[in-house]
Structures are given as C-alpha cells and as structure tokens.
J.: 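Got a structure here, written out as structure tokens. Questions coming.
Starting from 1, each residue takes its place in the sequence as its number.
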Amino acid sequence: MCSIFCVTDKQIDRAAMTEAFYRTVSRGPDMSGMLELPSGFMGFHRLAIMGLNSAGMQPFVREGDYLVCNGEIYGFRAVKRMLQARGYAFESDSDCEVLLPLYRELGTDMFAKLDAEYAMVIYDGKSGGFIAARDPIGIRPLYYGYSASGAIMFASEPKNLVGLAEKIMPFPPGHYYKNGKFYCYCDIAAASSFHGDDLDEVCAGIRERLVAGVEKRLDSDAPLGFLLSGGLDSSLVCAIGAKILKKPIRTFAIGMRADAIDLKYARQAAEYIGSDHTEVYMTEEDVLGALEEVIAALGTFDITTIRASMGMYLLCRYIHRSTDVRVLLTGEISDELFGYKYTDFAPSAAEFQRESQKRVRELHMYDVLRADRCISANSMEARVPFGDLEFVRYVMGINPALKMNTYGKGKYLLRRAFEGDLLPDGILWREKAAFSDAVGHSMVDDLKAYAERVYGDDWRARAEKYACHAKPFTKESLLYREIFEKYYPGQAGMVADFWMPNRAWEGCNVDDPSARVLSNYGKSGK
C-alpha cells in the first residue's frame with residue numbers, strides 16, 4: 001500500500017499539515033515527499049511494489065498535471081504500449097505512471113475503463129482544478145474533509161485529516177469528484193438484469209473469473225505471500241496461486257494456542273498444495289495489549305471488524321517483522337457475494353440480492369477496511385482476488401435464487417465450481433467458521449471479559465454520550481467506541497453502523513454479530 005494526501009488550500013498551517021501527512025508513513029516507508037502545486041499541496045508515501053527504483057516515486061508530473069495514486073493498475077503494460085504508440089514517453093516501470101497520459105486521452109471517462117483498484121487525486125494544469133476518484137469497491141482507501149476556509153482535502157486514512165477537518169467522510173467508492181461535485185461512474189453492486197446461465201455454466205463462469213482474478217494479482221516486483229485461514233475462501237486463493245506459479249508459495253496462519261479452529265485446516269491445505277507454511281500463535285496478553293493499537297489503525301468502532309482484525313493484525317505484524325514479504329493475497333469479499341451464515345434466513349431471492357448489494361456497497365467500511373489497515377499498518381500491500389471487478393460483476397449478475405442456500409451447504413456455487421483436485425474435500429466442503437471464532441473462541445471471550453472488568457453497572461449511562469450515532473449496546477461495544485473517540489473524536493459518522501445480521505429476518509434478531517449465536521451455526525465452529 002501507499003499513502004496519498006492532497007490539500008487544495010494554500011493558506012493552511014503548513015506545520016500542522018506536514019505532521020498530519022506523516023501519520024501514515026507506515027503505508028509507504030520506502031520514500032516520502034510533498035510538492036507545492038499552484039493551488040495546493042500533494043504528498044505521497046511510497047511502498048515500492050511495481051518498479052522498485054526511485055523513478056516510480058510520486059507525485060507524477062507531466063505538462064502541468066500532477067497525480068498521486070495508491071493503486072494497482074492491472075494490464076498496465078498493454079495500456080503503456082498503446083500510449084507509447086500515441087507518442088507518450090515513460091520514465092519508470094510503475095503501473096501508475098500511465099494514468100496522467102490516460103487522463104489526457106479520456107478525461108474522467110478513464111475511471112470507468114480501468115481494471116484496477118485505486119484511490120487517486122489529479123491536479124489538472126489546464127483547468128486548475130482537482131479531480132479525485134476511488135475504485136468501484138473501495139479496496140483502496142480514500143477520505144475527504146474541508147479546511148477552515150472550505151477547501152477540500154483528500155487522504156488515504158482519516159487520521160491524516162484529524163485536526164485539519166471538522167468532519168471526515170469516506171470517499172464513496174465508484175465515484176469521482178470534480179468542480180465541487182461527486183459523480184457516480186460505477187455501481188458495482190447493481191445488476192440491471194440477471195444472466196441466464198444455468199448451474200453448470202454459472203460454476204464454470206465463477207471458476208474462470210476467480211482464476212483470472214488471482215492470476216493478475218500475482219504480478220509483483222516485490223515478494224508475495226498469502227494469508228491462509230483454512231477456510232474455503234483463503235484456501236482457494238492459495239491453491240489457485242500455487243497452481244499458477246508452479247512453485248511453493250508462502251502461506252501464513254494465526255490462532256490462539258488453546259482452541260484455534262482453523263489452524264489445523266490451514267495446515268491441511270498448506271500440506272496439500274505444498275506451500276512454505278508458517279503458523280503463528282497469539283495469547284490473551286497479545287490480544288489485549290494490541291487492542292488500542294488495532295482500533296487506532298482501523299479507525300472504526302465496529303465490533304465485528306475489530307474482533308476479526310485482532311488475529312489478522314498480529315499475523316501481519318509478524319510477517320512484516322520476520323520476512324521480506326511485501327504483498328499479501330487474501331480471501332475477503334466472498335461472503336458478501338455468496339452469502340453468510342445469516343443469509344440462510346433470507347425470506348426470498350429478492351431479499352438475498354438486496355442484502356448482498358447492501359453489503360457490497362458497504363464493504364469499504366468493514367471487511368475491506370480491515371484488510372487494508374491490518375496489512376498497510378505493517379507496510380505491506382493487500383490484494384483481494386474476490387474483489388476482481390469482472391468477477392464481482394458476474395457473481396452479482398447470477399440469479400439470486402441459485403445463490404440461496406437451498407443445497408444444505410452455504411456457498412454451494414463456489415464450492416461446486418472448484419470440485420476436483422485443487423483442494424481436499426475436507427477443506428472444500430467444510431462448514432464456515434466465523435472469522436473471529438476461527439482464530440479461537442477464547443479470543444472473543446477474552447475481549448468480552450476485559451470489557452466486563454473495565455465497566456460497572458453504570459455502562460449504559462456512559463453509552464448515552466454516544467447516542468447521536470450508533471450508540472454502544474454492550475460493554476464490549478462501549479469499550480471500542482471510547483478507544484475510537486480517543487483517536488477520532490466526533491468522527492463516528494465515518495462508519496454507517498454496527499455490522500450485524502439483518503435483524504428484520506426471522507432468526508437474525510440477535511445481540512451479537514458473531515455467526516456463533518445463530519441457530520444454524522451447527523458444526524461451523526468445529
């Protein structure tokens with residue numbers, strides 16, 4: 001990951017601006033720099049992934065235009081050859097260097113044509129205006145706010161804007177900003193109609209597109225690694241990657257020493273695909289000791305996100321400190337597309353589809369945020385094959401009646417798509433465990449017990465302080481909210497609400513977000 005920063009106000013306190021800019025240096029520890037523009041400032045912290053020498057440092061400057069981009073532009077070499085044929089010259093091997101020439105050719109139409117995940121800001125030297133954009137899923141983070149004079153500011157993380165902006169907001173995925181307005185260029189969750197593929201065709205389409213999504217994300221000049229939980233999604237990503245690369249990949253798993261559900265399955269998957277596998281154990285002391293650090297990195301108060309981040313953050317910290325890996329492939333986004341344990345309770349196919357659309361549109365506040373912050377805080381880049389744009393479009397266009405769990409097995413389409421010898425049946429067909437439970441049921445229990453020790457019977461009165469938005473409803477949620485407010489005072493509106501099952505559905509009106517409390521969890525946690 002890298003970090004971008006842009007202020008469109010020349011009157012801003014430069015010392016305060018510089019201090020805010022360097023709060024995210026961990027996202028890009030290789031090189032840092034800020035340029036003064038005719039009407040503002042642009043800063044960039046670089047993590048070198050494509051084109052490892054200094055020529056790839058940003059901002060890129062070309063004929064009065066400036067660009068900062070935290071992104072991965074897939075297929076950029078073909079785009080570069082096309083632009084070279086049009087007379088453009090390039091100085092680096094960075095994929096993002098193609099963006100300014102492409103903007104000159106296409107203008108804002110460029111955003112809808114990119115096969116990429118990105119957050120970028122462009123200063124247009126001809127118009128003197130700023131244009132910002134974010135990929136359709138929001139895999140790369142971007143936030144905005146306004147200075148005291150009313151000038152807009154953009155940054156990779158909200159911590160860059162704390163103290164500079166009164167209100168900090170997530171930049172909407174699939175949108176671009178120009179001349180003071182936001183424009184939607186892509187609603188990736190919307191499907192105007194469903195394609196007519198039958199079950200066999202759907203499974204073939206899923207397999208083909210996911211394999212392609214993994215393959216394009218293996219292109220890196222920096223060392224690759226894979227997070228392997230032992231669940232279906234990460235195991236598929238690892239198995240596909242190993243098959244394509246035709247060499248042992250590096251896989252990493254973490255769990256509580258006492259009761260980690262997934263470690264044994266991760267070990268089985270690693271042995272089957274022949275990976276160079278590392279297991280990391282964590283303790284109650286590790287979890288509680290890192291809690292405040294994790295919430296400060298995440299910038300959220302959401303229970304699910306924080307629980308699921310504890311193991312991921314500690315594992316990424318280990319990888320950063322102990323290896324040379326700079327890029328990590330992960331299994332996020334599958335649940336939003338194919339269903340959770342709670343979507344088994346969806347009352348109709350239309351309701352299933354609406355819930356999936358809602359979750360995909362909110363990914364940038366939950367699972368995608370978790371993957372980005374846990375990995376980038378430890379100076380690595382996250383790549384998410386299930387977020388491949390072609391894959392997401394195809395899956396969202398499947399008739400939801402086919403995706404509903406009428407098969408007695410969640411995510412049946414995805415499992416069926418990969419029947420064969422890619423994974424052992426014990427991995428391919430095992431029941432899903434909730435992510436935070438998979439590292440060990442005791443971890444969540446430890447967090448709850450800690451909150452019980454922190455708060456007494458007056459916790460409800462303390463929670464009323466936050467009644468204006470997403471009021472805490474348990475001692476655990478109050479604990480997280482108060483830590484959040486310490487680092488992001490008054491900014492709870494950055495997160496829509498607590499991630500919870502759809503309480504309007506029968507069987508889903510629960511008081512804890514873990515799938516463990518649902519009646520259909522069954523053998524998922526074993």
Side-chain angles (χ1 to χ4, degrees), residues 1-4 27-28 30-31 44 46-63 65-122 131-142 156 173-174 176 185-186 188 209 211-224 241 244-245 326-329 372 380-385 387-393:
M1 295 296 182
C2 299
S3 180
I4 67 173
R27 296 186 67 90
D30 295 333
M31 297 181 71
F44 189 70
R46 186 182 184 217
L47 177 69
I49 301 297
M50 303 299 293
L52 302 183
N53 61 34
S54 61
M57 179 56 183
Q58 300 181 35
F60 287 120
V61 183
R62 187 183 287 267
E63 297 178 357
D65 297 336
Y66 294 76
L67 164 88
V68 283
C69 178
N70 170 25
E72 200 64 45
I73 315 301
Y74 300 110
F76 79 95
R77 292 179 181 85
V79 174
K80 189 173 184 177
R81 288 192 294 271
M82 178 272 291
L83 292 167
Q84 286 171 326
R86 291 176 177 265
Y88 292 96
F90 295 87
E91 297 180 357
S92 78
D93 295 321
S94 169
D95 52 326
C96 291
E97 195 183 358
V98 304
L99 294 171
L100 280 180
L102 204 58
Y103 171 72
R104 274 294 154 220
E105 293 291 315
L106 300 174
T108 54
D109 290 344
M110 169 180 81
F111 304 125
K113 298 180 183 298
L114 289 173
D115 180 12
E117 48 212 37
Y118 61 86
M120 72 174 80
V121 182
I122 297 169
I131 298 95
R134 191 178 186 188
D135 68 72
I137 294 174
I139 290 177
R140 298 303 170 99
L142 189 61
S156 285
Y176 70 87
Y185 70 84
C186 176
I188 195 72
R209 288 166 177 81
V211 169
V214 173
E215 184 169 21
K216 70 177 67 169
R217 284 163 179 80
L218 300 176
D219 185 7
S220 173
D221 293 335
L224 288 166
I244 292 170
L245 291 172
R326 305 294 290 276
V327 177
L328 285 172
L329 274 72
D372 173 82
M380 293 178 288
E381 175 173 293
R383 293 190 180 174
V384 190
D388 184 77
L389 298 181
E390 178 58 28
F391 182 78
V392 173
R393 287 190 183 99

J.: Which heavy atom of Ser220 sits nearest to which heavy atom of Ile49, and what is that distance?
T.: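 The pair with the smallest heavy-atom distance is OG-CG2, 3.6 Å.
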
J.: Is a donor on one side and an acceptor on the other found under 3.5 Å between the side chain of Arg209 and the backbone of Phe391?
T.: no

J.: Within the structure provided, determine whether Leu329 and Leu218 are in side-chain contact (heavy-atom separation under 4.5 Å).
T.: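 Answer yes - side chains close enough.
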
J.: Does Arg104 reach the main-chain N or O of Leu100 with its side chain, forming a donor-acceptor pair under 3.5 Å?
T.: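 Here the side-chain-to-backbone pair does not exist.
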
J.: If every non-hydrogen atom of Ala48 is compared with every non-hydrogen atom of Asp30, which pair is closest and at what distance?
T.: N-OD2, 2.7 Å

J.: For the side chain of Asn70 and the backbone of Ser3, is there at least one donor-acceptor N/O pair under 3.5 Å apart?
T.: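 It does not hold such a pair.
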
J.: Using every non-hydrogen atom in the two residues, find where Arg46 and Cys2 come nearest and quote the distance to one decimal.
T.: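 The pair with the smallest heavy-atom distance is CA-SG, 4.0 Å.
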
J.: Apply side chain to side chain contact (heavy atoms under 4.5 Å, CB included) to the pair Glu105 and Leu83, showing each step before the final yes or no.
T.: CA-CA 9 Å; Glu105 293 291 315; Leu83 292 167; 4.0 Å; yes

J.: Inspect the contact between Asp372 and Arg27 and indicate whether a charged nitrogen and a carboxylate oxygen are less than 4.0 angstrom apart.
T.: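 Result for this pair is yes, salt bridge flagged.
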
J.: Find out whether the Lys NZ or Arg CZ of Arg62 is both under 6.0 angstrom from the six-membered ring centre of Phe90 and within 45° of the ring's axis.
T.: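 Pair Arg62/Phe90 counts as cation-pi.
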
J.: If every non-hydrogen atom of Gly71 is compared with every non-hydrogen atom of Asp95, which pair is closest and at what distance?
T.: O-OD2, 3.7 Å

J.: Is the closest side-chain heavy-atom distance between Cys186 and Arg393 below 4.5 Å?
T.: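 Yes, at least one pair of side-chain atoms sits under 4.5 Å.
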
J.: After noting the C-alpha distance and the side-chain angles of Val327 and Glu72, does the key distance pass the side chain to side chain contact (heavy atoms under 4.5 Å, CB included) rule?
T.: CA-CA 12 Å; Val327 177; Glu72 200 64 45; over 6 Å; no

J.: Classify the angle between the aromatic ring planes of Tyr118 and Tyr185 as parallel (below 30°), tilted (30 to 60°) or perpendicular (above 60°).
T.: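 If you compare the ring of Tyr118 with that of Tyr185, the planes turn out parallel.
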
J.: Hey, which of Ile139, Ile73, Ile137 is the one that makes side chain to side chain contact (heavy atoms under 4.5 Å, CB included) with Glu117?
T.: Ile139

J.: Kindly check if the number of other-residue, nucleotide or ligand heavy atoms within 6.0 Å of CD (Glu91) is above 12?
T.: no

J.: State the CG-NZ distance between Leu102 and Lys80, to the nearest 0.5 angstrom.
T.: 13.5 Å

J.: Report the C-alpha distance between Leu114 and Leu389 in whole Å, list the side-chain angles of each, state the deciding distance to 0.1 Å, and finish with yes or no for side chain to side chain contact (heavy atoms under 4.5 Å, CB included).
T.: CA-CA 10 Å; Leu114 289 173; Leu389 298 181; over 6 Å; no

J.: Indicate yes or no: at least one non-hydrogen side-chain atom of Ser94 is less than 4.5 angstrom from one of Met50.
T.: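 Contact flag for Ser94/Met50 side chains = no.
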
J.: Considering only NZ, NE, NH1 and NH2 on the basic side and carboxylate oxygens on the acidic side, decide whether Arg383 and Glu381 come within less than 4.0 Å.
T.: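 Yes, charged N to carboxylate O under 4.0 Å.
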
J.: Is the side chain of Gln58 donor-acceptor paired with the backbone N or O of Cys69 at a distance under 3.5 Å, no angle test?
T.: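 A pair under 3.5 Å: yes.
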
J.: Would you name the heavy atoms of Ala55 and Phe60 that are closest together and state the gap between them?
T.: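 Looking at all heavy atoms of both residues, the shortest contact is O-CE2, 3.9 Å.
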
J.: Please check this pair: side chain of Ser156 against backbone of Leu142, looking for a donor-acceptor N/O pair closer than 3.5 Å.
T.: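 No, Ser156 side chain to Leu142 backbone: no donor-acceptor pair under 3.5 Å.
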
J.: Could you check if a side-chain atom of Val98 sits within less than 4.5 angstrom of a side-chain atom of Met82, using non-hydrogen atoms only?
T.: no

J.: Under the side chain to side chain contact (heavy atoms under 4.5 Å, CB included) criterion, do Met120 and Phe111 qualify, and how do the steps go?
T.: CA-CA 10 Å; Met120 72 174 80; Phe111 304 125; 3.7 Å; yes

J.: The criterion is side chain to side chain contact (heavy atoms under 4.5 Å, CB included); which residues satisfy it with Asp115, sequence neighbours excluded?
T.: Tyr74, Lys216, Asp388

J.: Determine yes or no for a side-chain-to-main-chain donor-acceptor pair under 3.5 angstrom, with Asp135 supplying the side chain and Arg140 the backbone.
T.: yes

J.: Which heavy-atom pair separates Glu97 from Ser92 by the least distance, and what is that distance?
T.: OE1-OG, 2.7 Å

